[in-house]
Trainee: 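Questions regarding the structure given below will be posed in turn.
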Amino acid sequence: MTYLEKIHESANFIKSQIPKTPDVAIVLGSGLGDLAEQIQNPIVMPYSTIPNFMQSTAVGHKGNLIYGELGGKQVLAMQGRFHYYEGYPMEMVTLPMRVFNALGISTVFVSNAAGAANPTYRVGDLMIIKDQINLMPNPLVGKNLDEFGPRFPDMTRPYDLDLIKKCKEIAAKLNISLQEGVYVGGTGPTYETPAEYKYYRHIGGDVAGMSTVPEVIVARHGNMRVFGMTVITNEGFDFTEDFVNDGDDVVLQAGIAAKKMTTLFTEMIRNL
Ligand code: HPA
């Protein structure tokens, strides 16, 4: 089966399970699966039941695709995503984005947990992703999928400016403070060395993560509108003598900040 056939097989399966085309797709990052609990009248599709979907092996990632209502709109949420560090090829990491595109979904919200390279950021902060730097293999390497987009996609505005504006307005109303910065995506699975966090800062990054960037490249290739949000789960500066980066703590900190993000996403989706 070709990759294109796989995309359509997955899309056709999902279509057969849901009553309407979703207004928006949502990707929930490490420890951020809580938003899924707020989805009304949910139809839960475990990844194991969806043709061609991988298993979600990462800590804090559940592995369900959930359709339902949020903020009065129809949403399709990934409770857990696929990462390059899990050993999946980039085309499998980004298959869900292709499938969302094939389903006719034109807007996608992505979220993640990340470590701060910007020393003014603190654990628990939310950050609007305004831009990204790709330090992973580019998921579009290989034959171009002309059905989705051009060989050389424009990446001048990876994150939708209107959605960013809307997010700031809603956050101001709700009294939620926000950072706004650049997400640097590396392969992981190692957390960064102190020198690498400094390097990320020097090249213009604010946070370090291991996801999101390939998904956004593929979403933009297919001309989907993207909004991205990071939850700061650890600080990559001023390391104390006994500090260690730890995956369980990342998930714990993400869980604590998840409610704020859920509120913001819900209100933004209501106003789409
Ligand atoms: N680096 C990379 N990925 C991450 C981090 C980090 O510090 N925190 C959460 N995900």
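Along the sequence shown, residues carry numbers from 1. Both ligands and their constituent atoms are indexed starting at 1 by order of listing.
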Trainee: Do Met155 and Val184 land in one hydrophobic cluster if side-chain heavy atoms of ILVMFWY residues count as linked below 4.5 Å?
Mentor: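 Shared cluster, no.
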Trainee: Relative to atom 4 (C) of ligand 1, which among Gly188, Ala208, Gly247 owns the nearest non-hydrogen atom?
Mentor: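 Of the listed residues, Ala208 has the closest heavy atom.
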Trainee: So which heavy atom in the protein is nearest atom 1 (N) of ligand 1, and how far is it from that ligand atom?
Mentor: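 Atom 1 (N) of ligand 1 sits closest to the protein heavy atom Glu192 OE1, 2.6 Å.
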Trainee: What atoms in ligand 1 come closer than 4.0 Å to a heavy atom of Thr233?
Mentor: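 This gives 8 (N), 9 (C) as the contact atoms.
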Trainee: So, taking the atom named CD1 in Ile66 and the one named CD1 in Ile26, what distance separates them when rounded to the nearest 0.5 Å?
Mentor: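 Nearest 0.5 Å value for the CD1-CD1 distance: 10.0 Å.
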Trainee: What residue and atom, counting heavy atoms only, is the protein's closest point to atom 5 (C) of ligand 1, and at what distance?
Mentor: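 Of every protein heavy atom, Gly115 N, 3.3 Å lies nearest to atom 5 (C) of ligand 1.
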Trainee: Side chains of Glu86 and His83: is there a donor and an acceptor less than 3.5 Å apart?
Mentor: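 Their side chains do contain a donor-acceptor pair, which is all the 3.5 Å distance test asks for.
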Trainee: For residues 170-179, which side-chain donor-acceptor pairs fall under 3.5 Å, sequence neighbours excluded?
Mentor:
| from | atom 1 | to | atom 2 | distance (Å) |
| --- | --- | --- | --- | --- |
| Gln179 | NE2 | Asp125 | OD2 | 2.9 |

Trainee: Where do Gln253 and Asn234 land on the side-chain contact (heavy atoms from CB on, under 4.5 Å) test, with the steps shown first?
Mentor: CA-CA 8 Å; Gln253 295 301 336; Asn234 51 297; over 6 Å; no
Trainee: For atom 10 (N) of ligand 1, grab the closest protein heavy atom and report residue, atom and distance to one decimal in Å.
Mentor: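 Protein heavy atom with the smallest distance to atom 10 (N) of ligand 1: Ala113 O, 3.4 Å.
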Trainee: Give the atoms of ligand 1, by number and element, whose distance to some non-hydrogen atom of Tyr197 is under 4.0 Å.
Mentor: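 Under 4.0 Å from Tyr197, ligand 1 has these atoms: 1 (N), 6 (C), 7 (O).
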Trainee: Report, one line per pair, each donor and acceptor closer than 3.5 Å where one atom sits in a side chain of residues 94-117; sequence neighbours left out.
Mentor:
| from | atom 1 | to | atom 2 | distance (Å) |
| --- | --- | --- | --- | --- |
| Thr94 | OG1 | Met90 | O | 2.8 |
| Arg98 | NH1 | His221 | ND1 | 3.0 |
| Arg98 | NH2 | His221 | ND1 | 3.0 |
| Thr107 | OG1 | Arg225 | NE | 3.3 |
| Thr107 | OG1 | Arg225 | NH2 | 3.3 |
| Ser111 | OG | Val27 | O | 2.8 |
| Ser111 | OG | Gly29 | N | 3.1 |
| Asn112 | OD1 | Thr230 | OG1 | 2.7 |
| Asn112 | ND2 | Thr212 | OG1 | 2.8 |

Trainee: Do Asn245 and ligand 1 have an N or O pair less than 3.5 Å apart?
Mentor: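 By distance alone, the answer is no.
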Trainee: Report yes if some N/O of Asn234 lies less than 3.5 Å from some N/O of ligand 1; otherwise report no.
Mentor: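 It does: an N or O of Asn234 is found under 3.5 Å from an N or O of ligand 1.
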